[in-house]
Number of protein chains: 4
Amino acid sequence: MLHFESDYLEGAHPLVLERLMQTNMEKTPGYGTDCYCEAAREKIRRACGAPEAEVHFMVGGTQTNATMITAMLRPYEGVIAAESGHINQHEAGAVEAGGHKVLALPHAEGKLSATDVDRYITDFYQGPSWSAMVAPGMVYISHPTEYGTLYTLGELEALSAVCRKHHVPLFLDGARLGYALASAGTDVTLEAIASLCDVFYIGGTKVGALFGEAVVLPRPGQVKQLDTIIKQRGVLLAKGRLLGLQFDTLFTGGLYMRIARHAIELADKIVRALKEKGYRFLVTPQSNQLFVVMENRQWERISAQVGLEVWEYPDEHHTAVRIATSWATREEDVDALIGML
Amino acid sequence: MLHFESDYLEGAHPLVLERLMQTNMEKTPGYGTDCYCEAAREKIRRACGAPEAEVHFMVGGTQTNATMITAMLRPYEGVIAAESGHINQHEAGAVEAGGHKVLALPHAEGKLSATDVDRYITDFYQGPSWSAMVAPGMVYISHPTEYGTLYTLGELEALSAVCRKHHVPLFLDGARLGYALASAGTDVTLEAIASLCDVFYIGGTKVGALFGEAVVLPRPGQVKQLDTIIKQRGVLLAKGRLLGLQFDTLFTGGLYMRIARHAIELADKIVRALKEKGYRFLVTPQSNQLFVVMENRQWERISAQVGLEVWEYPDEHHTAVRIATSWATREEDVDALIGML
Amino acid sequence: MLHFESDYLEGAHPLVLERLMQTNMEKTPGYGTDCYCEAAREKIRRACGAPEAEVHFMVGGTQTNATMITAMLRPYEGVIAAESGHINQHEAGAVEAGGHKVLALPHAEGKLSATDVDRYITDFYQGPSWSAMVAPGMVYISHPTEYGTLYTLGELEALSAVCRKHHVPLFLDGARLGYALASAGTDVTLEAIASLCDVFYIGGTKVGALFGEAVVLPRPGQVKQLDTIIKQRGVLLAKGRLLGLQFDTLFTGGLYMRIARHAIELADKIVRALKEKGYRFLVTPQSNQLFVVMENRQWERISAQVGLEVWEYPDEHHTAVRIATSWATREEDVDALIGML
Amino acid sequence: MLHFESDYLEGAHPLVLERLMQTNMEKTPGYGTDCYCEAAREKIRRACGAPEAEVHFMVGGTQTNATMITAMLRPYEGVIAAESGHINQHEAGAVEAGGHKVLALPHAEGKLSATDVDRYITDFYQGPSWSAMVAPGMVYISHPTEYGTLYTLGELEALSAVCRKHHVPLFLDGARLGYALASAGTDVTLEAIASLCDVFYIGGTKVGALFGEAVVLPRPGQVKQLDTIIKQRGVLLAKGRLLGLQFDTLFTGGLYMRIARHAIELADKIVRALKEKGYRFLVTPQSNQLFVVMENRQWERISAQVGLEVWEYPDEHHTAVRIATSWATREEDVDALIGML
């Protein structure tokens, strides 16, 4: 049985595990005050071209989204997101549990457009009763999106410009950021993200770490006492070095990008094969997640041999499935998959 | 200058004020434990044909909605509402501030359909990752809706059946309930609402009271310690009798329905005149709120003499406005308005 | 049967009611944007000697406390209060429901001391793990306190100085403020409060209004978009003028202070009588609430003729009761009460 | 430099790490649905003598406390805890951020007494205004306590009986549970805890795991849809198997108890030495945390060579410090420490 259900099927990149082994019996202070966290922060600042950036390590995506959104919004503010955004769909209402509304806008293949955001905020403040409504206090995007698609640099610049015009921070969910940055077609770099966004995170869980997300605030001091908020929300890891060590490893010698590229190369290989075989894509494939439409009978046959995630049923005769590669995917498995398709 | 902006422009029906005067210097215990509250509760139970009903008095609509929704939902549940629902638009995120997501469904002239609700809940539990999503825990409707439209008895029965099938309470926001019940065309009675809904409220603020909403739970014991929740949310009035006295007056001698009918008769008169004059309605007029489309130049002329609420701009040449009548509207003002249109 | 249980047994001062009658059929815009609210705001600003003050009208005390505390605290902050403070005891956890901890300090007859507050905040930031703890973000006091006692001007100045030293706002709950200001022995004026506190409210519910509290922020702009927060928390009254009219009346011709003095004079009369008869007080009587210790047999006899609130049982032979006068108390009732004691 | 600051200075027990290595490239489904989580759950059920128990894995203590307390309380309920309880002091207001008050009671060396809890709840419901107050909805204890002390079986039975009498669940925070169970003097077993508590957790972070807490609900079905609540609060680990693998390892071949006993034996050795040398203890030493009072000059000398946590300053001449051993403490370090004392 092959498995392409998701990009979090395995543990961590061997170098990450090795590092945990080597340092296991060292004694370090807790809660992220250790030297490994500091080293990782410094490397991330450098990779982002943001020497002043605040970097905070968290354990997983939902908690990172909810913590940063709650920390940065005032009580009467909500967060604009694509209707398909992870925070609007698959986080069990974590944003609302923190007291804030997700202001869902239409999307194109998972992406928000600067024009839509601009119009929404402009119209909001021109409406007669805006002061009785949830104010747009932040814009949330994911890159890659939940559909694996990527913003272009132009799109990101436009979104950033709209956000700055309206004095609303731009938050980029980078749970799979490596796979976006490693995409062959992208013109968006980590430095660009750091210069265009007000807060974003570099996903580790899906890109080589056992777990962990590195939140970057390129301009420090935006959130007062974020450490206490992180503690309050149960996000602070006692043995904080576990996060520091992992990110320090991933940001040493270009490991993060190297393993992300591996996933992208294999995804591209699958895309080429699928196109040759005449498969239709639900959305344009751009990173490590591919959404493919199959006839139900085809899917029935394939599903006996390969684990894939069923995404939706476009009509009664078709099934759309997700194929995900990761840093851990083996080329021989990709070849076997292609053979079966 | 005439005023038809809303149904809360004036104070209270004179009989209500008179009652407050008469009893002003009486000494009663606080927090709704007085004899006037008890008398009002009993009259409301009788009017609803629900002798066991719990009746709680609150001050305003937003607080009533947020309190009852928060009181009845579990942390992981959200509330289904029409996209146009008051809780989704004009309550500044009060439901989310209480920790819950509004699950917005499409609407037809402000109404939710039983079919849509059934499909949403059914699909939800058939989806692969429903346990990572906000569960539909309640259905919220308003009657009349925010567009002044009314559910038919058949529609309400269908919604109620869907809710009971899925074990989800049905909550009816009756901020303008009198105007729904008094509508000439309706087949929905207060008894029907009490038998079909799990919680609803009878609006006083817009129907003859200075302020106040009477929440009815036809089957008692649904919410443990609701009194404490009401206190916690700052909803409990120290001089609770002010609410009791108002509802006792409104539910004595059929006052509530009589004054509601007055508003409806005048609204109907305006509708007839508008139709004769060839005006187009944004939505079918059914109760005391009329949504009329005017050419901009027409509206410019009229707005110099009559206060109306601008609702939206259907296109660049037209303005949709709301005309609202109430228990306090004078026939001579209606005639003057008709003269101007 | 006489009634001295509380200061919210009756309706409103006749002049307040009369004003509601006179204006009843006037048409005004909603949500506090009417001319009566504006007039009342202006009169309150003048009475406070704070020409720039923001004034917001709310309905009741619990909602006012919870709204202002939530509006002014950051997520990681709590509010310092006397252990006996209303927000810590009798508001059903409203502050916590808004996400904040009440940091309870010891009290002397209901009062917080500047020294205790200073030590608490100083120690807090000297502690090793303060960043994992709830930060003191506000100081809450009530004046009169829940025990009817009063801060002296010196005490209030000291508290204010401590708060300013630590950059923590001082919030004064004035649910019974009139009775504090009218006390014979006090040197605290409304102007002093406005200059020493960052936010406070002037209670109407217990001092002549049907209901209503006027929140004063002497230096405007402290809370961004407070209007939306007020709406979100269900505190905004549709017919906002009801609050404006009441406070406008109370602040015209010195009515608020005049009726408060009435309550104080009658309370003082009772105090003199109780002292003559040798009663012991649980706390020093200073305003309109008197806490008297009786032998159980005495209380048994008296309770058949007078309604008083049982406060606590100091020991098995004694009962402490509260006697409250108000703007509405009649001198003949006071004389009758004295006769029975 | 020696380090005895805490019991979370190192990584994980080597067997735990080895297991993570061995299984690193296996592909398993996410979110705790894998075979390792299931195996761990089964072993924990067996160790608890609770074959029906629900077992949920979480990452850290603060999040576990806040999640379970929020999940089990109704909106108007608070949680009784010792004034010194971790949730009342060092979790940055996480319980309040979830909407609930911590009802702090006095403690004896960190322990709550059944008598105090019984009196508090009994008095609460006998008070005149309990329905306007936060209801005691849960009792939280920690075992060992924050002072390293242990409940006896008798004390735990008494607390359990009081909780059951009042229909209030008993929650035991077992962040260091291993060190309680391994204590030489204890008569409290894991089975006893499972039979006396309604919810508790077995701490991994401080007892051999990299991180992780295993929440046990001995009688299943107490919390509806806990999985969704766990997701909503950001507690659900994508690679849930990391938790399963660690607990599976710790509960195989008695590892958890064996490594806990190691910490206790070394702590006992330190206690004996300290007693011989005439040191005074701040609280009776009972598990792996020792609170020792030193003269300031003594502490100055020692602190140059050993890392210890300063706990408090009993007076100006003394410093109380915490010495913590753990599964990872080496006997030679203990001997060196003893040499220095």
Side-chain angles (χ1 to χ4, degrees), chain A residues 1-3 5-6 8-14 16-18 20-21 23-31 58-67 70 90-94 96-98 175 205-206 209-211 227-239 241-242 245 307 328 330, chain D residues 1-3 5-6 8-14 16-18 20-21 23-31 58-67 70 90-94 96-98 175 205-206 209-211 227-239 241-242 245 307 328 330:
Chain A
M1 189 79 178
L2 296 173
H3 292 280
E5 288 95 339
S6 77
Y8 45 89
L9 296 169
E10 294 90 357
H13 189 277
V16 167
L17 262 199
E18 195 181 289
L20 290 178
M21 292 288 277
T23 60
N24 189 48
M25 295 306 285
E26 288 181 17
K27 294 171 196 289
T28 53
Y31 302 116
M58 305 194 180
V59 171
T62 296
Q63 72 173 209
T64 301
N65 288 331
T67 299
T70 302
H90 288 96
E91 300 191 352
E96 290 84 1
T205 302
K206 288 158 182 162
L210 284 175
F211 59 87
D227 281 334
T228 309
I229 297 176
I230 289 172
K231 173 70 183 166
Q232 184 185 65
R233 297 187 66 93
V235 172
L236 198 59
L237 207 59
K239 300 177 186 170
R241 78 186 199 195
L242 299 177
L245 275 161
R330 296 183 306 167
Chain D
M1 189 80 177
L2 296 174
H3 290 282
E5 288 96 337
S6 77
Y8 44 89
L9 296 169
E10 294 90 356
H13 189 276
V16 166
L17 263 199
E18 193 182 291
L20 291 177
M21 292 288 277
T23 59
N24 188 48
M25 296 306 286
E26 289 181 16
K27 294 170 194 291
T28 54
Y31 302 116
M58 305 194 182
V59 171
T62 296
Q63 73 172 210
T64 301
N65 288 332
T67 300
T70 302
H90 289 96
E91 300 191 351
E96 291 84 0
T205 302
K206 288 158 181 162
L210 285 175
F211 59 87
D227 281 334
T228 308
I229 296 176
I230 289 172
K231 173 72 183 164
Q232 183 185 67
R233 297 188 65 93
V235 173
L236 199 58
L237 206 59
K239 299 177 186 170
R241 78 186 197 195
L242 299 178
L245 275 161
R330 295 184 307 169

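Just so we're on the same page: letters track the sequence lines, and every chain starts at 1.
Taking chain A as the reference chain and counting heavy-atom pairs below 4.5 Å, the highest number among D/E91, D/Q232, D/H90, D/E26 is found for D/Q232. Note on A/T205, A/T228, A/L245, A/L20: by heavy-atom pairs under 4.5 Å with chain D, the leading option is A/T205. The candidate with the highest count of non-hydrogen atom pairs below 4.5 Å against chain D, out of A/M21, A/E5, A/R330, is A/M21.
To the nearest 0.5 Å, atoms CG (D/N24) and CD (A/E18) are separated by 11.5 Å. In this structure, NZ on D/K231 lies 10.5 Å from CD on A/Q63, to the nearest 0.5 angstrom. The CG atom of A/L210 lies 5.0 Å from the CG atom of D/L242; values are rounded to the nearest 0.5 Å.
Nearest heavy-atom pair across A/E10 and D/M25 is CG-O, 3.6 Å. When all heavy atoms of D/L9 and A/R241 are compared, the pair lying nearest together is O-NH1, 2.8 Å. Counting all heavy atoms, side chain and backbone alike, D/K239 lies closest to A/A209 at NZ-O, 2.6 Å.
At a 4.5 Å heavy-atom cutoff, D/A66 makes no contact with chain A through either its backbone or its side chain.
When side chains are defined from C-beta on, D/L236 does not count as touching A/T62, because their heavy atoms never get closer than 4.5 Å.
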